[in-house]
There are 2 protein chains.
Amino acid sequence: MRRVTSYHHGNLREALVQAAVGLGREKGPDGIVIREVARRTGVSHNAAYRHFADRDDLLREVAKVGHDELAGTMRSRVKRVRVTDPVERARRRLREVGKAYVEYALAEPGLFAVAFSHVSLGDLSGPYELLGAALDDCVEAGYLPSSKREGAELSCWAGVHGFAMLYSTGPMSDAPRKQRDADLERLLDRIDDGLSG
Amino acid sequence: MRRVTSYHHGNLREALVQAAVGLGREKGPDGIVIREVARRTGVSHNAAYRHFADRDDLLREVAKVGHDELAGTMRSRVKRVRVTDPVERARRRLREVGKAYVEYALAEPGLFAVAFSHVSLGDLSGPYELLGAALDDCVEAGYLPSSKREGAELSCWAGVHGFAMLYSTGPMSDAPRKQRDADLERLLDRIDDGLSG
DNA sequence: CTGCGATGTGGACACTGTCAACATACCTCC
DNA sequence: GGAGGTATGTTGACAGTGTCCACATCGCAG
């Protein structure tokens with residue numbers, strides 16, 4: 001049904017989201033501008049209003065893509081863990097969850113910013129549940145005492161999210177990579193220290 | 001020299017910053033709009049360009065106010081600590097630094113967002129040094145092992161900054177106050193756990 | 001007191017989000 | 001298979017924005 005030259009596009013909605021994602025990647029939330037999205041899609045300004053209520057609505061769709069990519073990065077990093085000892089495995093997986101979060105924020109600062117610009121917790125179910133599962137594993141393996149399990153998502157999330165903010169688009173964004181990596185390792189060490197015992 | 005009715009204002013720059021700060025408080029970074037700032041100051045659009053290179057330049061000035069208020073909140077909370085035992089005092093002061101950070105972000109979400117929208121580390125010397133001093137005290141009191149001192153600013157900052165982001169304008173912003181407070185206490189507990197030992 | 005630099009004004013331009021009116025294509029029902 | 005209704009795109013308009021340029025007005029140095 002690819003009637004690109006016709007009056008009706010056939011799949012405009014998806015095409016608009018793709019263009020918006022591209023802009024988000026390049027320039028962040030403020031770069032997602034309806035009229036430029038339309039231009040890149042080869043369609044008139046205003047065409048987007050047949051598919052999205054307003055700009056925020058489109059932004060939310062772009063944010064979803066960000067959430068999915070973030071969750072994908074987490075899953076991929078967790079899957080790569082090859083440790084067999086249950087405790088070490090659970091710890092390592094949790095650490096990889098955190099690394100993936102920061103990795104994505106640094107690789108895609110624009111989309112990461114969009115993903116956290118107009119969002120509520122419900123939209124983040126993917127990443128949030130991956131973190132929860134990693135913490136559950138830590139309890140099951142006997143590493144994380146269950147007395148510390150409650151609210152552990154938030155302590156971990158806060159640490160990693162703050163780091164991502166500071167280093168992706170925030171005040172630490174021009175720190176040298178070497179220092180940044182060392183800082184991240186130390187942060188993950190402290191989180192680990194905080195959970196055990 | 002208060003010649004308010006005259007052609008020349010006498011103190012326009014400061015008046016513009018005040019108006020911009022007001023807008024930032026009410027609506028965050030995107031609410032700081034040059035023409036509205038001018039309107040509120042009773043001056044023509046464009047007058048601001050005699051005092052600021054462009055909008056970003058004005059934003060940076062507003063951000064400075066945010067940094068100062070943030071540092072002020074921290075100082076005020078730290079000063080209130082009445083514990084005498086050196087170790088407990090140092091721990092408590094560090095905790096108050098964190099609480100102040102979050103307290104400010106929740107009390108002034110708009111200005112807090114401005115304060116971290118277009119900033120580099122150098123602009124944050126005030127808050128950053130207060131945190132560093134609190135950590136130094138922890139080392140001096142023998143609570144924080146000096147092997148863990150390096151990069152400790154960043155672990156603490158990341159945790160508290162992430163929490164502030166998530167709960168002030170982020171995805172946790174509509175969490176009930178009670179849960180939010182409990183989450184913060186747990187976060188500060190984990191940070192404390194992570195530093196000791 | 002005179003003239004020059006600093007400060008404020010008015011108008012213009014290109015750009016944005018959004019609304020209303022119009023045009024076209026697709027799809028269903030007789 | 002034609003007719004009409006609905007979904008989808010287009011054109012044009014409006015108010016609002018940041019920023020540039022030319023002009024007006026003021027305060028102060030000589």
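None of the values given here were measured: they were computed from a predicted structure. Protein chains get the first letters and strands the later ones, always in sequence-line order, with residue 1 at the start of each.
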Which nucleotide in the set [options] lies at the smallest distance from any side-chain heavy atom of [X]?
{"X": "A:Y49", "options": "D:dT17, D:dT19, C:dG17", "result": "C:dG17"}
{"X": "A:S44", "options": "D:dT19, C:dG17, D:dT10", "result": "D:dT10"}
{"X": "B:H45", "options": "D:dT10, C:dA12, C:dT16", "result": "C:dA12"}
{"X": "A:V33", "options": "D:dT8, D:dC20, C:dG17", "result": "C:dG17"}
{"X": "A:I34", "options": "C:dT7, D:dT19, C:dG17", "result": "C:dG17"}

So, for [X] and [Y], which heavy atoms are closest and what is the spacing to 0.1 Å?
{"X": "B:H161", "Y": "A:L166", "value": "CD2-CD2, 3.6 Å"}
{"X": "A:V119", "Y": "A:V114", "value": "CG2-O, 4.3 Å"}
{"X": "A:R186", "Y": "B:E150", "value": "CD-O, 3.2 Å"}

**Complete:** The residue, B:R55 or B:R50, whose nearest nucleotide of DNA chain D is more 5′ is B:R55
**Request:** Return yes if the base of C:dT18 and the side-chain atoms of A:R35 contain a donor-acceptor N/O pair under 3.5 Å, otherwise no.
**Result:**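 Counting by modelled atom types and ignoring angles, a donor-acceptor contact under 3.5 Å is found here.
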**Request:** Between A:R39 and B:V43, just flag the one whose closest nucleotide in DNA chain C comes earlier from the 5' side.
**Result:**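 Nearer the 5' end of the strand: B:V43.
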**Prompt:** Passes salt bridge (charged side-chain N to carboxylate O under 4.0 Å, His left out), B:R40 versus B:E26? Steps please.
**Reply:** CA-CA 13 Å; B:R40 291 197 179 191; B:E26 297 166 24; 3.0 Å; yes
**Asked** Quick one: A:R13 CZ to D:dA7 P, roughly how many Å, whole number?
**Response** 15 Å
